[in-house]
Every structure is written in C-alpha cells, then in structure tokens.
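To start, the structure under review is shown below, and the notes come after it.
Lettering of chains follows the sequences in order, A, B, ..., and the numbering in each one begins at 1.
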Number of protein chains: 2
Amino acid sequence: MPVVTETRVDFWQAHGINPDNCPVRQVLDHVSAKWPVLILMVLGGGPRRFNELLRALPDISKRMLTQSLRNLERDGIVRREVFDTKPPSVSYSLTELGQGFLPRVLALADWAETSMPRILAARDAYDRG
Amino acid sequence: MPVVTETRVDFWQAHGINPDNCPVRQVLDHVSAKWPVLILMVLGGGPRRFNELLRALPDISKRMLTQSLRNLERDGIVRREVFDTKPPSVSYSLTELGQGFLPRVLALADWAETSMPRILAARDAYDRG
DNA sequence: AATATAGGTCTCAATTAGAGACCATTGTCG
DNA sequence: CGACAATGGTCTCTAATTGAGACCTATATT
C-alpha cells in the first residue's frame, strides 16, 4: 500500500462532499466547459452583443451560446443588459466576478501556448509509438 | 458598430486558426472536459495506480478514466508506467509538463472555492428573479 | 472450487451537443 | 408595395458523447 499525500479531492471525500453536492465542482463544471471558457475570453475584450459573440465563435450554435450565457449569468460571471432599440439589442459583459476569473483562464491559455511545442512533440512520439 | 478591443480569439481568427487546428483550444479541451481536471488534482498528490484513481473519483467510469488518461498521456502531461508484477500494475504520474500545468488548474479551483459565496448568492438572486 | 485483484475493453442505453428551421418586429432597397 | 436583412432568441431532430456495467486474462487466496 503506497503512502499517498492527501489531495484536495481526498479532502472533499473525507468531508462527505460527493460530486452531486460539491460546489466547486459545480462551478468548475460549467466554467470549465468548452464554450464558457471561449466566451469569457471574447468578453475579456469588452462587452459584446449576442450576434457579435456568434460571429466571434464561428463554430458555436445559437443554442449553445444561449445556454452557456444563461449559466454564466446565473452564476454572476456575466451581465446581460437589454437595450430598448429597434430591434432590441442585448449586451453581454463580464461582471466584477467574471473579471476576477478571466486571468486564471488566460493563464491557462498562456501555458497552453508556450507549452505547445512540447505537447506537439509528445503527441507525435505517442502516435508513432 | 461598437469599437472593440482585439481579443486572443480575434487574433486566432485573423491568422486563419480555426477551431479544428487551434492548438490552444485543443489543450484547453483537457481543462474543459469533465474528468481531466479532477484526475490531475489527484495525481498532484503523487503517483496513483489505475484502481486508486478509480477509487479516488467515485463517480468516474473505467471507460472515461481510461480515455482521459490516454489523452493526457498523449499530450505528455501524464506518464504511464507498467510494472511487471503479478498481476501487472500500472502507475500514473504527472510529467514535468503536467507539473507545470497543475498550478494553473489549481488556481481555477482556488478561485471557485473562494468565490463560491458570491456565486451562490448570484444564483439565488437569479432563480428568485 | 470459488472469489478477489489487477487493468482494461466492449456494448448498449441515456444524456448532451449541434444543425438549422422558425418567429416577431422594424429598417432598407428597388 | 414586396422582398430581404438584422435583431435575439426558441424548438425540433439528429448526431455524438458519456455512463453503467458485463466481460476478459492471469495469478493469488481461502
């Protein structure tokens, strides 16, 4: 039996936090889903309207965009404002909470970017082996 | 037409990087999939065997564990070693690359943990409104 | 002989994501 | 006037992904 260091996951378990009631996992779940991350990166450039987001993320569907935005809004990460123009326009932007989250996401993207050569090399080796 | 700041996503687009060949997005996919993040957090505590991981993540299926580990291994984030015991045992651990990746992932988890009260409050308000 | 452990694979059902039609209102163009 | 575009979505149907769990080979234990 190997000696193991306690991880955060062990801690969660020890405290009866299961996947269904673990708040961190719930946040991570939609914060770390495919689209929310990309949406936040776009909103990092300033407020965007619905269709602007659609154009910025060429391969997202309206359905997923709506859904992801609703989730982010519900968690207070994104703010949704409707302007009474004709036709009405809707603006999405990062809340203060969202602005605190973004740097962590960007840190990940930076890491991915600088580590890319090593990752590609690893893939190459794996696929050949 | 609103004046918008260029985001990294805009930059990708301007350089013809589409979702299918964008390396950063491919890496981010590990983060934004459900299991890899949790697996990395467990491996942060030291090497683990296949069934140890299975026990550490009570709600993952063997199928998804295998699949996630293969992806991480392919990208050089996780190392897989087979020991010729009877029956053979397999050890998974973070590579150097994986150790560089983990802190960024933990930063996300930390943020989620400390922001939880605000997020729960936002949810509550959203669901009532 | 039966059962357990190791580390998986395979199949099938359930869940989730994606493609795209559709909607109401207003503005523009010919 | 009639057609067409843009606004921000919803709805349906299909395709892809995930999850549950049976099954597998080999050795060790009871």
Side-chain angles (χ1 to χ4, degrees), chain A residues 1-2 4 18-20 22 25-26 28-40 42-43 46-74 78-93 126 129, chain B residues 1-2 4 18-20 22 25-26 28-39 42-43 47-74 78-93 126 129:
Chain A
M1 179 109 113
V4 293
N18 61 50
D20 293 331
C22 172
R25 268 174 80 157
Q26 283 172 33
L28 243 35
D29 262 2
H30 61 252
V31 126
S32 77
K34 178 175 181 181
W35 295 114
V37 169
L38 272 336
I39 292 172
L40 293 176
V42 175
L43 290 183
R48 293 283 189 284
R49 308 234 307 266
F50 186 84
N51 281 320
E52 284 183 303
L53 285 169
L54 220 45
R55 281 188 291 268
L57 273 2
D59 56 336
I60 196 174
S61 65
K62 288 181 161 196
R63 191 178 156 284
M64 288 314 293
L65 179 57
T66 303
Q67 202 172 100
S68 305
L69 285 170
R70 293 281 182 279
N71 284 335
L72 292 169
E73 190 196 352
R74 185 165 104 102
V78 157
R79 177 177 26 246
R80 177 178 186 272
E81 292 168 289
V82 181
F83 296 107
D84 196 15
T85 56
K86 319 255 166 139
S89 57
V90 180
S91 170
Y92 291 94
S93 52
Y126 184 94
Chain B
M1 179 106 113
V4 293
N18 63 47
D20 292 331
C22 172
R25 265 172 82 158
Q26 285 172 30
L28 242 36
D29 272 356
H30 289 314
V31 170
S32 70
K34 184 173 179 180
W35 297 111
V37 169
L38 272 336
I39 292 172
V42 175
L43 289 183
R48 293 283 190 282
R49 306 236 306 265
F50 186 84
N51 281 319
E52 283 184 302
L53 286 169
L54 219 46
R55 281 188 291 269
L57 275 0
D59 57 338
I60 197 176
S61 66
K62 287 181 162 197
R63 191 180 157 282
M64 289 313 293
L65 179 57
T66 302
Q67 202 171 103
S68 306
L69 285 170
R70 292 283 182 277
N71 285 335
L72 293 168
E73 189 196 352
R74 185 166 104 102
V78 157
R79 176 176 30 246
R80 176 177 186 272
E81 293 166 287
V82 182
F83 296 106
D84 196 16
T85 55
K86 317 254 167 138
S89 57
V90 179
S91 170
Y92 291 94
S93 52
Y126 184 95

When the distance from [atom1] of [X] to [atom2] of [N] is rounded to whole Å, what number comes out?
X: B/Arg48; N: C/dA6; atom1: CZ; atom2: P; answer: 15 Å
X: B/Leu65; N: C/dC10; atom1: CG; atom2: P; answer: 16 Å
X: A/Leu54; N: D/dT10; atom1: CG; atom2: C1'; answer: 14 Å
X: B/Arg70; N: C/dC10; atom1: CZ; atom2: C1'; answer: 14 Å
X: A/Lys86; N: D/dG8; atom1: NZ; atom2: C1'; answer: 16 Å
X: B/Ile39; N: D/dT18; atom1: CD1; atom2: C1'; answer: 14 Å
X: A/Phe50; N: D/dA6; atom1: CZ; atom2: P; answer: 15 Å

Touch class at under 4.0 angstrom, heavy-atom based, for A/Tyr92 against every strand present: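 A/Tyr92: backbone/sugar contact only, no base atoms under 4.0 Å.
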Sugar-phosphate only, base, or nothing, as touched by B/Lys62 at under 4.0 Å among non-hydrogen atoms: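 Base contact.
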Which of these nucleotides, [options], is closest to any side-chain atom of [X]?
X: B/Pro87; options: D/dG9, C/dG8, C/dT5; value: C/dT5
X: B/Asn51; options: C/dT9, C/dA6, D/dG8; value: C/dA6
X: A/Arg55; options: C/dG8, D/dG9, D/dT7; value: D/dT7

Nearest non-hydrogen partners of B/Lys62 and B/Phe50, listed with the distance: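 Taking B/Lys62 first and B/Phe50 second, the nearest heavy atoms are O-CZ, 4.1 Å.
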Heavy-atom pair of closest approach, residues A/Pro88 and A/Val82: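 Shortest heavy-atom contact: CB-CG1, 4.5 Å.
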Distances for protein N or O near nucleotides 16-18 of chain C N or O, under 3.5 Å:
from	atom 1	to	atom 2	distance (Å)
C/dA17	N7	A/Arg63	NH2	3.2
C/dG18	OP2	A/Trp35	NE1	3.0
C/dG18	N7	A/Arg63	NH1	3.1

Is the shortest heavy-atom distance from the side chain of [X] to the side chain of [Y] under 4.5 Å?
X: A/Arg25; Y: B/Leu38; result: yes
X: A/Gln67; Y: A/Trp35; result: no
X: B/Glu52; Y: B/Tyr92; result: no
X: B/Val78; Y: B/Asn71; result: no

Passing option when A/Val90 is tested against A/Arg80, A/Arg49, A/Glu81, A/Arg48 for side-chain contact (heavy atoms from CB on, under 4.5 Å):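 Among A/Arg80, A/Arg49, A/Glu81, A/Arg48, the one that satisfies the side-chain contact (heavy atoms from CB on, under 4.5 Å) with A/Val90 is A/Arg80.
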